[in-house]
**Student:** 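Structure below; questions to follow.
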Amino acid sequence: MSSTGPGRVFKFFILLVLLGLLIGCASSNASPLPPRPRLRVATTTSLYDTGLWGYLEPMFEKQYKVELDVLYAGSGIALEYGRRGDVDVIAVHDKAAEEKYVADGYGVKRVPFAYNYFLIVGPASDPAGIRGLSPEAAFKKLMTEGKGTFISRGDNSGTHSGEKAIWKAAGYDYETQVRKAGAWYIEVGKGMGPTLQMASEKQGYTLTDIGTFGSYKSKLALEPIVDSSAILLNVYSVIAGNPQKTPTVKAEMAKNMVAFLTSPEIQELIGEYGVKEYGLQLFVPCAGNEPKS
């Protein structure tokens with residue numbers, strides 16, 4: 001007689017039903033876990049593309065028992081998220097815009113926590129012949145001789161603001177002269193990673209922060225061409241939203257993020273981040289000591 005006859009199958013079915021009832025009773029008596037609070041952060045593509053946020057996020061969540069919702073975009077868009085009340089805290093790199101954001105009452109205080117430098121990168125052949133020049137002289141040569149393609153973020157990001165500052169220092173009006181300079185100047189309206197990839201594909205030049213370039217360089221046919229000048233300083237700041245201006249801001253948790261990023265332990269980790277993987281320091285911690293050059 002078969003060991004899987006009708007009687008045995010029926011008994012097995014009854015056992016499954018009873019087991020289901022027991023599990024149902026147990027789950028009906030269990031208390032649901034309370035939802036964890038959430039903190040909304042807007043950050044720059046350079047901090048996100050390097051993987052720094054992905055590295056720090058679980059540490060913050062564990063320490064403060066909170067879920068982080070990280071939105072990444074150019075600094076201009078991140079600041080707009082803050083103005084609209086879409087986020088509780090921002091981490092960006094556009095000093096003039098940050099100071100206006102605080103002056104307008106949207107942020108409590110601008111708190112620098114790390115810095116690196118911008119680079120002008122391009123193909124090793126350097127068709128425009130700008131290697132070793134100052135950023136201003138390099139931009140003048142690109143404009144007057146037209147021997148190289150320049151790929152601009154064109155997205156109102158901190159990097160884009162840094163580029164516009166160099167054009168201004170070189171004596172050019174961005175809107176009336178640079179944007180209409182010709183086919184050699186291309187605005188892509190994208191983040192740093194995609195902009196670097198396009199510059200590599202077109203064998204053109206672009207302005208990038210050293211952190212994102214360091215994390216992408218193995219995938220690129222680009223190298224640093226101009227890398228020395230005070231105008232290339234790139235400082236990252238964290239700003240907690242002001243609940244008096246935007247009542248939806250989670251003020252205490254936003255302050256926790258500021259304290260976290262500027263704490264000695266996290267400052268040390270920021271300084272070490274990427275060194276082993278990429279062979280260079282992507283970010284220099286600077287809490288309480290903002291560099292000037």
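Quick note: numbers below take in every heavy atom, side chains included, and nothing from hydrogens, waters or symmetry partners.
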**Student:** Could you state whether Ile231 and Phe213 fall into the same hydrophobic cluster, counting links through intermediate Ile, Leu, Val, Met, Phe, Trp or Tyr residues with side-chain heavy atoms under 4.5 angstrom apart?
**Tutor:**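 No, it is not one cluster - the side chains of Ile231 and Phe213 are not joined through contacts under 4.5 Å.
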**Student:** Can you get from Val89 to Val111 by hopping between Ile, Leu, Val, Met, Phe, Trp and Tyr side chains that sit under 4.5 Å apart?
**Tutor:**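 Cluster IDs for Val89 and Val111 match.
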**Student:** Looking at Asp69 and Arg38, does any basic side-chain N land under 4.0 Å from a carboxylate oxygen?
**Tutor:**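 Judged by the 4.0 Å cut-off on N to carboxylate O distance, Asp69 and Arg38 do form a salt bridge.
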**Student:** Would you say the side chain of Lys202 lies within less than 4.5 Å of the side chain of Ile186, judging by non-hydrogen atoms?
**Tutor:**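 In short, these two side chains touch, coming nearer than 4.5 Å.
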**Student:** Mind listing the closest non-hydrogen atom pair of Asp155 and Lys190 along with its distance?
**Tutor:**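 Distance-wise, the nearest heavy atoms are OD2-O, 3.1 Å.
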**Student:** Using a 4.5 Å cut-off on heavy atoms from C-beta on, say whether the side chain of Tyr55 contacts that of Leu269.
**Tutor:**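 Yes. Closest side-chain heavy atoms under 4.5 Å.
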**Student:** So which residues get pulled into Leu71's cluster when ILVMFWY side chains under 4.5 Å apart are joined, directly or through others?
**Tutor:**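 When side chains under 4.5 Å apart are linked, the cluster holding Leu71 also contains Ile77, Leu79, Tyr81, Val87, Ile90, Val92, Tyr101, Val102, Tyr106, Ile239.
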**Student:** On a heavy-atom basis, which atom in Ala254 and which in Ala240 lie closest, and how many Å separate them?
**Tutor:**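 Where Ala254 meets Ala240 most closely, the heavy atoms are CB-CB, 3.8 Å.
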**Student:** Report, as yes or no, whether the 6.0 Å neighbourhood of atom CD on Glu67 holds more than 12 heavy atoms from other residues, nucleotides or ligands.
**Tutor:**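 Above 12, so yes.
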**Student:** Return yes when atom NZ of Lys245 has more than 12 non-hydrogen atoms of other residues, nucleotides or ligands closer than 6.0 Å, and no otherwise.
**Tutor:**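 Yes, NZ of Lys245 has more than 12 neighbouring heavy atoms, counting only those of other groups under 6.0 Å.
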**Student:** Go through it in stages, so that I can follow the logic: the residues are Glu290 and Arg110, the test is side-chain contact (heavy atoms from CB on, under 4.5 Å), and I'd like the CA-CA distance, side-chain angles, deciding distance and then a yes or no.
**Tutor:** CA-CA 11 Å; Glu290 181 179 1; Arg110 175 181 175 270; 2.9 Å; yes
**Student:** Nearest heavy-atom pair of Gly191 and Pro194: which atoms, and what distance?
**Tutor:**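 Taking Gly191 first and Pro194 second, the nearest heavy atoms are O-CD, 3.4 Å.
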**Student:** Please say which of Arg40, Lys250, Lys255 ends up in a side chain to side chain donor-acceptor pair (under 3.5 Å) with Asp88.
**Tutor:**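 Among Arg40, Lys250, Lys255, the one meeting side chain to side chain donor-acceptor pair (under 3.5 Å) with Asp88 is Arg40.
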**Student:** Compare every heavy atom of Asp94 with every heavy atom of Ser161, then report the nearest pair and how far apart it is.
**Tutor:**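 Distance-wise, the nearest heavy atoms are OG-OD2, 2.7 Å.
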**Student:** Atom OG of Ser263 and atom CE of Met59: how far apart are they, to the nearest 0.5 Å?
**Tutor:**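 The OG atom of Ser263 sits 10.5 Å away from the CE atom of Met59.
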**Student:** Tell me, yes or no, whether the heavy-atom count around Tyr48 atom OH, taken from other residues, nucleotides or ligands under 6.0 Å, exceeds 12.
**Tutor:**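 No - once you tally the heavy atoms of other residues, nucleotides and ligands closer than 6.0 Å, there are 12 at most.
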**Student:** Is the shortest heavy-atom distance from the side chain of Gln203 to the side chain of Thr149 under 4.5 Å?
**Tutor:**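 They are not in contact (no side-chain heavy atoms under 4.5 Å apart), so the answer is no.
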**Student:** Is any side-chain heavy atom of Leu68 closer than 4.5 Å to a side-chain heavy atom of Met257?
**Tutor:**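 Yes - at least one pair of side-chain heavy atoms lies under 4.5 Å apart.
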**Student:** State, with a plain yes or no, whether a side-chain heavy atom of Pro135 is found less than 4.5 Å away from one of Leu232.
**Tutor:**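 The answer is yes; the side chains approach within 4.5 Å.
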**Student:** Can you check whether Asp209 reaches Tyr236 side chain to side chain, under 4.5 Å on heavy atoms?
**Tutor:**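 Contact flag for Asp209/Tyr236 side chains = yes.
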**Student:** Mind listing the closest non-hydrogen atom pair of Pro291 and Val235 along with its distance?
**Tutor:**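 Shortest heavy-atom contact: CG-CG2, 4.2 Å.
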**Student:** Which heavy-atom pair separates Thr50 from Tyr278 by the least distance, and what is that distance?
**Tutor:**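 Looking at all heavy atoms of both residues, the shortest contact is O-OH, 4.4 Å.
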**Student:** Can you find a heavy atom in the side chain of Thr45 that is under 4.5 Å from one in the side chain of Ser157?
**Tutor:**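 No, their side chains stay 4.5 Å or more apart.
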**Student:** Could you see if Ile151 belongs to whatever hydrophobic cluster contains Tyr174? Use Ile, Leu, Val, Met, Phe, Trp, Tyr and a side-chain cutoff under 4.5 Å.
**Tutor:**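 No.
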**Student:** To the nearest 0.5 Å, how far apart are CD in Gln267 and CG in Leu261?
**Tutor:**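 Going from the CD atom of Gln267 to the CG atom of Leu261 covers 8.0 Å.
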**Student:** Any salt bridge between Lys95 and Glu98, counting N to O under 4.0 Å?
**Tutor:**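 Salt bridge between Lys95 and Glu98, a charged N being under 4.0 Å from a carboxylate O: no.
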**Student:** To the nearest 0.5 Å, how far apart are CG in Leu222 and OG1 in Thr208?
**Tutor:**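 If I round to the nearest 0.5 Å, the distance is 9.5 Å.
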**Student:** Can you tell me how far apart OG1 (Thr206) and CE (Met192) are? Round to the nearest 0.5 Å.
**Tutor:**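 Going from the OG1 atom of Thr206 to the CE atom of Met192 covers 4.5 Å.
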**Student:** Would you say Thr44 and Ser46 are linked by a side-chain donor-acceptor pair, where the criterion is simply a distance under 3.5 Å?
**Tutor:**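 Judged by distance alone, the side chains do pair up.
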**Student:** Taking the six-membered ring where the residue is Trp, are the ring centres of Tyr172 and Phe139 under 6.0 Å apart?
**Tutor:**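 Centroid separation for Tyr172 and Phe139: 6.0 Å or greater.
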**Student:** So, applying side chain to side chain donor-acceptor pair (under 3.5 Å) with Ser152, which one of Lys164, Glu187, Glu163 is it?
**Tutor:**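 Single side chain to side chain donor-acceptor pair (under 3.5 Å) partner of Ser152 among Lys164, Glu187, Glu163: Glu163.
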**Student:** Please determine whether side-chain contact (heavy atoms from CB on, under 4.5 Å) holds for the pair Phe60 and Leu39, giving the CA-CA distance in whole Å, both sets of side-chain angles, and the decisive distance to 0.1 Å.
**Tutor:** CA-CA 10 Å; Phe60 181 83; Leu39 182 70; 3.8 Å; yes
**Student:** Apply the test side-chain contact (heavy atoms from CB on, under 4.5 Å) to residues Gln177 and Trp167: give CA-CA distance (whole Å), side-chain angles for both, the deciding distance (0.1 Å), then the verdict.
**Tutor:** CA-CA 10 Å; Gln177 294 176 282; Trp167 284 116; over 6 Å; no
**Student:** Same cluster or not: Tyr273 versus Val284, using hydrophobic residues (I, L, V, M, F, W, Y) connected whenever any side-chain heavy atoms lie under 4.5 Å apart?
**Tutor:**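 Hydrophobic grouping puts Tyr273 apart from Val284.
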**Student:** Checking Phe260 against Val238 for the side-chain contact (heavy atoms from CB on, under 4.5 Å) test, could you report, in this order, the C-alpha distance in whole Å, the side-chain angles of both residues, the deciding distance, and whether it holds?
**Tutor:** CA-CA 10 Å; Phe260 174 79; Val238 57; over 6 Å; no
**Student:** Which donor-acceptor pairs under 3.5 Å do the side chains of residues 112-127 make with protein atoms, sequence neighbours left out?
**Tutor:**
| from | atom 1 | to | atom 2 | distance (Å) |
| --- | --- | --- | --- | --- |
| Asn116 | OD1 | Asn234 | ND2 | 2.7 |
| Asn116 | ND2 | Leu282 | O | 3.0 |
| Tyr117 | OH | Ser293 | O | 3.0 |
| Asp126 | OD1 | Gly129 | N | 3.3 |
| Asp126 | OD1 | Ile130 | N | 3.2 |
| Asp126 | OD1 | Tyr205 | OH | 2.6 |
| Asp126 | OD2 | Ile130 | N | 3.1 |
| Asp126 | OD2 | Arg131 | N | 3.0 |

**Student:** Roughly how far, to the nearest 0.5 Å, is the NE2 atom of His160 from the CG atom of Leu207?
**Tutor:**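 Leu207 CG to His160 NE2: 10.0 Å, rounded to 0.5 Å.
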**Student:** Looking at NZ of Lys140 and CD of Glu145, how far apart are the two atoms once the value is rounded to the nearest 0.5 Å?
**Tutor:**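 One gets 13.0 Å once the value is rounded to the nearest 0.5 Å.
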**Student:** Same cluster for Tyr216 and Tyr72 if Ile/Leu/Val/Met/Phe/Trp/Tyr side chains link at under 4.5 Å?
**Tutor:**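 Yes, it is one cluster - the side chains of Tyr216 and Tyr72 are joined through contacts under 4.5 Å.
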